[in-house]
Q: 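I'd like to ask some things about the structure below.
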Amino acid sequence: MARRCSVPKSPRGFTLIELLVVIAIIAILIGLLLPAVQKVREAAARTQSSNNIKQLSLAMHTMASANDDKFCPGYGTFSGNSGTPQPWTWWILPYIEQQNVYNSNATSTYIKTYYAPSDASFVSGNPWTSYAGNSSVLPAANICSNLKATFVDGTSNTVVYMERYAAAYTNPGATGATATTHPWYPPVSTSTTPRTTPRVC
């Protein structure tokens with residue numbers, strides 16, 4: 001009696017249509033996930049920027065507590081210093097854990113607290129700032145004293161800092177486009193928002 005040998009069947013592979021269906025499903029899922037991932041990133045950037053502004057505000061209040069209830073000027077001398085005028089970004093360095101930068105006069109140092117993650121103009125590692133000071137609160141060459149009397153609506157209801165681009169481009173995308181950068185240690189008073197009539201605190 002002859003013995004029949006069974007030949008094992010090879011496993012059935014995917015057809016072209018099945019592969020296309022699988023690829024289409026994966027593409028749809030990726031398309032649904034990408035906006036959600038982008039929203040999470042934007043929310044994280046907003047949160048980080050809000051935290052930076054909070055740290056700057058706490059630093060300013062801590063500095064005021066240590067200096068007879070006075071805010072530093074937007075650009076000028078402060079705390080009994082009669083030397084070269086400095087911007088507000090310089091005066092608050094010791095209060096944002098940058099005492100070493102303050103002591104060593106390392107004005108070309110990148111400082112993370114001065115960087116807003118959503119600022120697309122910021123070039124990584126540069127000593128720029130994504131924040132500007134309100135010149136009504138930090139006027140050039142003037143020191144705000146007696147904070148309780150100065151801010152009649154309370155300091156918690158007063159805007160001291162705002163986010164802005166670290167580099168403002170002229171003719172973006174065009175040949176010969178130039179950028180005006182905002183370093184955190186400018187040689188002149190460019191860190192505060194200009195006003196036609198500065199308020200004296």
Side-chain angles (χ1 to χ4, degrees), residues 33-64 71-76 78 85-140 144 155-196 198-199:
L33 287 174
L34 284 179
V37 171
Q38 184 63 27
K39 287 182 179 179
V40 169
R41 288 180 177 175
E42 291 175 356
R46 286 194 302 270
T47 301
Q48 181 61 51
S49 185
S50 297
N51 183 64
N52 287 346
I53 291 178
K54 180 180 179 180
Q55 295 302 318
L56 294 175
S57 300
L58 290 174
M60 187 65 74
H61 280 284
T62 304
M63 179 174 57
F71 277 2
C72 67
Y75 189 85
F78 183 62
Q86 314 286 13
W88 65 267
T89 44
W90 170 264
W91 294 119
I92 66 171
L93 285 175
Y95 305 96
I96 57 172
E97 299 181 355
Q98 296 294 334
Q99 184 71 50
N100 290 337
V101 175
Y102 183 86
N103 292 340
S104 61
N105 198 28
T107 57
S108 61
T109 303
Y110 160 75
I111 297 177
K112 186 177 181 181
T113 309
Y114 292 154
Y115 162 62
S118 58
D119 185 355
S121 72
F122 200 102
V123 178
S124 179
N126 280 2
W128 297 352
T129 177
S130 302
Y131 303 102
N134 181 358
S135 62
S136 292
V137 180
L138 305 172
C144 286
T155 53
S156 62
N157 296 320
T158 303
V159 174
V160 180
Y161 308 108
M162 60 216 76
E163 187 177 332
R164 57 104 183 268
Y165 286 117
Y169 289 86
T170 303
N171 299 323
T175 302
T178 58
T180 301
T181 59
H182 300 288
W184 65 262
Y185 186 79
V188 293
S189 181
T190 58
S191 289
T192 56
T193 305
R195 286 172 55 89
T196 54
R199 189 189 74 170

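For clarity, every value in this text was computed on a predicted model and none was experimentally measured. Worth knowing before you read on, the calculation uses all heavy atoms, side chains too, and leaves out hydrogens, waters and symmetry mates. Residues take their numbers from the sequence shown, with the count starting at 1.
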Q: Considering residues at least two apart in sequence or located in another chain, which fulfil the ring-ring contact (aromatic ring centres under 6.0 Å, His included) criterion with Tyr95?
A: none
Q: Can you measure from CG (Leu58) to CD1 (Ile96) and round to the nearest 0.5 angstrom?
A: 11.5 Å
Q: Rounded at 0.5 Å granularity, tell me how far CG in Asn51 sits from CZ in Arg46.
A: 14.5 Å
Q: Given Trp184 and Val101, is the side chain to side chain contact (heavy atoms under 4.5 Å, CB included) satisfied, shown in steps?
A: CA-CA 12 Å; Trp184 65 262; Val101 175; 3.9 Å; yes
Q: Distance from Leu56 atom CG to His61 atom NE2, nearest 0.5 Å?
A: 11.5 Å
Q: Please report the shortest heavy-atom distance between Pro94 and Gln99, naming the atom on each side.
A: CB-OE1, 3.1 Å
Q: Using every non-hydrogen atom in the two residues, find where Trp88 and Pro73 come nearest and quote the distance to one decimal.
A: CB-O, 3.7 Å
Q: Just how far is it from atom CH2 of Trp91 to atom SG of Cys72, taken to the nearest 0.5 Å?
A: 8.0 Å
Q: Where do His182 and Ala167 come nearest, in terms of heavy atoms and distance?
A: CD2-N, 4.3 Å
Q: How many angstroms lie between CZ in Arg164 and OH in Tyr131, if you round to the nearest 0.5 Å?
A: 11.0 Å
Q: Can you name the nearest heavy-atom pair linking Ser130 to Phe122, along with the distance?
A: OG-CD1, 3.6 Å
Q: Identify the heavy atoms of Ala120 and Tyr165 that sit nearest to each other, and give their distance.
A: N-CE2, 4.4 Å
Q: Look up atom CE in Met63 and atom CD1 in Ile92, then write down how far apart they are to the nearest 0.5 Å.
A: 6.5 Å
Q: Under the rule for side-chain contact (heavy atoms from CB on, under 4.5 Å), what residues qualify as partners of Asn126, not counting sequence neighbours?
A: Val123, Trp128
Q: List the atom pairs, donor and acceptor, that lie under 3.5 Å between side-chain atoms in residues 106-117 and the rest of the protein, sequence neighbours left out.
A:
from   : atom 1 : to     : atom 2 : distance (Å)
Thr109 : OG1    : Ala106 : O      : 2.9
Tyr114 : OH     : Thr89  : O      : 2.5

Q: Give a yes or no answer on whether the side chain of Asp119 reaches the backbone of Ala166 with a donor-acceptor pair at less than 3.5 Å.
A: yes
